[in-house]
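Have a look at the structure below, then the notes.
From a predicted model like this one, the values you see are computed outputs, not experimental measurements.
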Amino acid sequence: MDTKVMQKLSYGLFVLTAKEGDKDNGCITNTAIQVTSEPNRISIAVNKGNYTHDMVLNTGVFNISILSEDARFDTFKHFGFQSGRDVDKAVGITYKRSSNGVIYLDSPEVNAFISGKVIQTVDLGTHTLFIADVTDGEVLNNTASATYAYYFANIKPKPEAASQESKKGWICTICGYIYEGDPLPDDFICPVCKHPASDFKKL
Ligand code: FE
C-alpha cells in the first residue's frame with residue numbers, strides 16, 4: 001500500500017483549549033469533525049502526550065477555535081511547538097471565555113469557535129477519541145478556514161535549503177525538528193510536535 005494516500009485526506013486546523021482549575025491551556029489539532037447533526041456532535045482525537053489531552057479527559061469540556069487562512073505561523077508555534085507543562089499558553093494571546101469557562105481565541109486568525117461537552121471516550125492507544133455534544137459556538141468572521149494543505153502551502157515557512165544541507169539526518173515535516181542520526185528509529189516520536197517517524201523526511 002502507498003502510505004501517501006493518507007496525505008490526500010483533507011483536514012482543518014484548530015486550537016483545542018481546555019481549563020482545569022486555574023490553568024488554561026491549548027494545543028493544535030487537525031482532527032475535529034462533526035459526526036452527527038441531530039444531535040449536533042463533534043469528535044476530536046488527541047495525542048495522549050499533550051497536556052491538553054489530560055485536561056479534557058479530567059474535565060470533559062473543551063473549545064475548538066477554527067483557524068482561518070489568516071492564521072500566522074507564530075500561532076502554530078505558540079500552541080503546537082511548546083507544552084503547557086512548561087509555559088502558560090494563555091499569555092501573549094487574545095482570548096475570550098465562553099459559557100463553559102474555557103478560553104477561545106478571539107483574533108482575526110480564527111473564524112469561529114465551538115464548545116464541546118464530552119459524552120464518550122474511546123482509547124485509541126496513542127490517542128483518545130473524544131465524542132462531544134456541541135453546547136455553544138459563534139462565527140467570528142467569514143475568512144475561509146485553513147486546511148492542512150493550505151497550511152503547508154502558505155503558512156509554514158519553507159525550510160531553508162542551506163540549513164538542511166549542512167545537517168545530516170531526518171527532518172520532521174510538521175515542525176522542522178531535525179534528528180541528527182541515521183537510521184531514524186521506527187518508533188521515534190518528534191520531541192517537539194509529537195508526530196511519528198512517518199512524518200519525517202531524510203535530509
Ligand atoms: Fe515535529
Side-chain angles (χ1 to χ4, degrees), residues 7 9-20 22-34 40 42-47 49-53 55-56 59 61-117 127 130 132 134-160 172-177 190 192-195 199:
Q7 297 172 8
L9 283 172
S10 180
Y11 300 91
L13 284 164
F14 318 96
V15 178
L16 165 68
T17 46
K19 178 176 193 285
E20 187 172 15
D22 292 333
K23 178 83 175 180
D24 293 302
N25 195 37
C27 66
I28 299 285
T29 180
N30 65 342
T31 59
I33 53 172
Q34 186 178 26
N40 190 11
I42 58 173
S43 71
I44 52 170
V46 188
N47 190 304
N50 285 329
Y51 187 28
T52 314
H53 168 275
M55 297 171 73
V56 175
T59 64
V61 290
F62 62 87
N63 284 340
I64 290 288
S65 298
I66 302 175
L67 290 162
S68 78
E69 291 184 353
D70 285 343
R72 298 167 306 127
F73 186 61
D74 278 352
T75 301
F76 288 90
K77 286 201 291 189
H78 181 86
F79 286 102
F81 300 173
Q82 56 184 354
S83 174
R85 292 188 181 90
D86 309 321
V87 297
D88 183 350
K89 292 194 192 176
V91 172
I93 62 157
T94 310
Y95 63 82
K96 282 186 180 165
R97 222 168 269 284
S98 55
S99 53
N100 61 3
V102 179
I103 62 171
Y104 64 92
L105 270 68
D106 179 42
S107 93
E109 300 175 66
V110 165
N111 62 17
F113 83 89
I114 295 171
S115 295
K117 182 169 177 27
H127 290 61
F130 297 97
V134 173
T135 57
D136 198 1
E138 192 180 326
V139 172
L140 305 173
N141 61 64
N142 287 315
T143 308
S145 301
T147 62
Y148 208 50
Y150 185 90
Y151 167 78
F152 275 105
N154 300 291
I155 298 175
K156 183 173 171 255
K158 302 279 177 283
E160 291 194 23
C172 175
T173 57
I174 307 298
C175 75
Y177 172 83
C190 177
V192 177
C193 71
K194 310 285 190 274
H195 277 250
D199 283 322

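Closest heavy-atom contact between Thr29 and Ala45: OG1-O, 4.0 Å. The two atoms that bring Asn141 and Pro108 nearest to each other are ND2-O, 3.8 Å, heavy atoms only.
Distance alone, capped at 3.5 Å, is enough to place a donor-acceptor pair between the Lys89 side chain and the Gln82 backbone. Under the 3.5 Å distance criterion, the side-chain polar atoms of His53 are left unmatched by any main-chain donor or acceptor of His127. For the pair Lys23 (side chain) and Met55 (backbone), a donor-acceptor distance under 3.5 Å is absent. Not one N or O on the side chain of Ser68 forms a donor-acceptor pair closer than 3.5 Å with the backbone of Ala146. With hydrogens and angles ignored, the 3.5 Å screen pairs no side-chain donor or acceptor of Thr52 with any backbone N or O of Thr17. For Glu109 (side chain) and Arg72 (main-chain N/O), a donor-acceptor pair under 3.5 Å exists by modelled atom type. For the pair Thr135 (side chain) and Lys117 (backbone), a donor-acceptor distance under 3.5 Å is absent.
With contacts defined as side-chain heavy-atom distances shorter than 4.5 Å, the pair Ile66/Ile114 qualifies. Counting heavy atoms from C-beta outward, Phe81 and Phe73 have side chains that approach closer than 4.5 Å. The shortest distance between side-chain heavy atoms of His78 and Val87 does not fall below 4.5 Å. A heavy-atom distance below 4.5 Å is not found between the side chains of Val46 and Phe62. Counting heavy atoms from C-beta outward, Ile155 and Tyr150 have side chains that approach closer than 4.5 Å. For the pair Val15 and Ile28, the minimum side-chain heavy-atom distance is below 4.5 Å. Two residues are said to be in side-chain contact when any heavy atoms from C-beta on lie closer than 4.5 Å; Tyr104 and Val110 fail this criterion.
Within a 6.0 Å sphere centred on NZ of Lys96, heavy atoms belonging to other residues, nucleotides or ligands number 12 at most. Around CG of Asn142, the count of heavy atoms belonging to other residues, nucleotides or ligands within 6.0 Å does not exceed 12.
For the atom pair Cys175 SG and Lys156 NZ, the distance stands at 8.5 Å (nearest 0.5 Å). Taking NZ from Lys19 and OG1 from Thr59, the interatomic distance works out to 9.5 Å, rounded to the nearest 0.5 Å. Considering CG of Asn50 and CG of Leu16, their distance stands at 8.0 Å, rounded to 0.5 Å. Atoms CD1 and NZ, from Ile174 and Lys194 in turn, are 14.0 Å apart once rounded to the nearest 0.5 Å.
No side-chain donor from either of Asn111 and Thr143 sits under 3.5 Å from a side-chain acceptor of the other. Checked by atom type, the side-chain pair Asn100/Asn63 shows a donor-acceptor distance below 3.5 Å.
Across Phe76, Phe79, Phe14, a single residue satisfies side chain to side chain contact (heavy atoms under 4.5 Å, CB included) together with Leu67, and that is Phe76.
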Test log, rule side chain to side chain contact (heavy atoms under 4.5 Å, CB included), inputs Val134 and Gln34: CA-CA 9 Å; Val134 173; Gln34 186 178 26; over 6 Å; no
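Using cut-offs of 30° and 60° on the angle between ring planes, the pair Tyr148 and Tyr11 is perpendicular.
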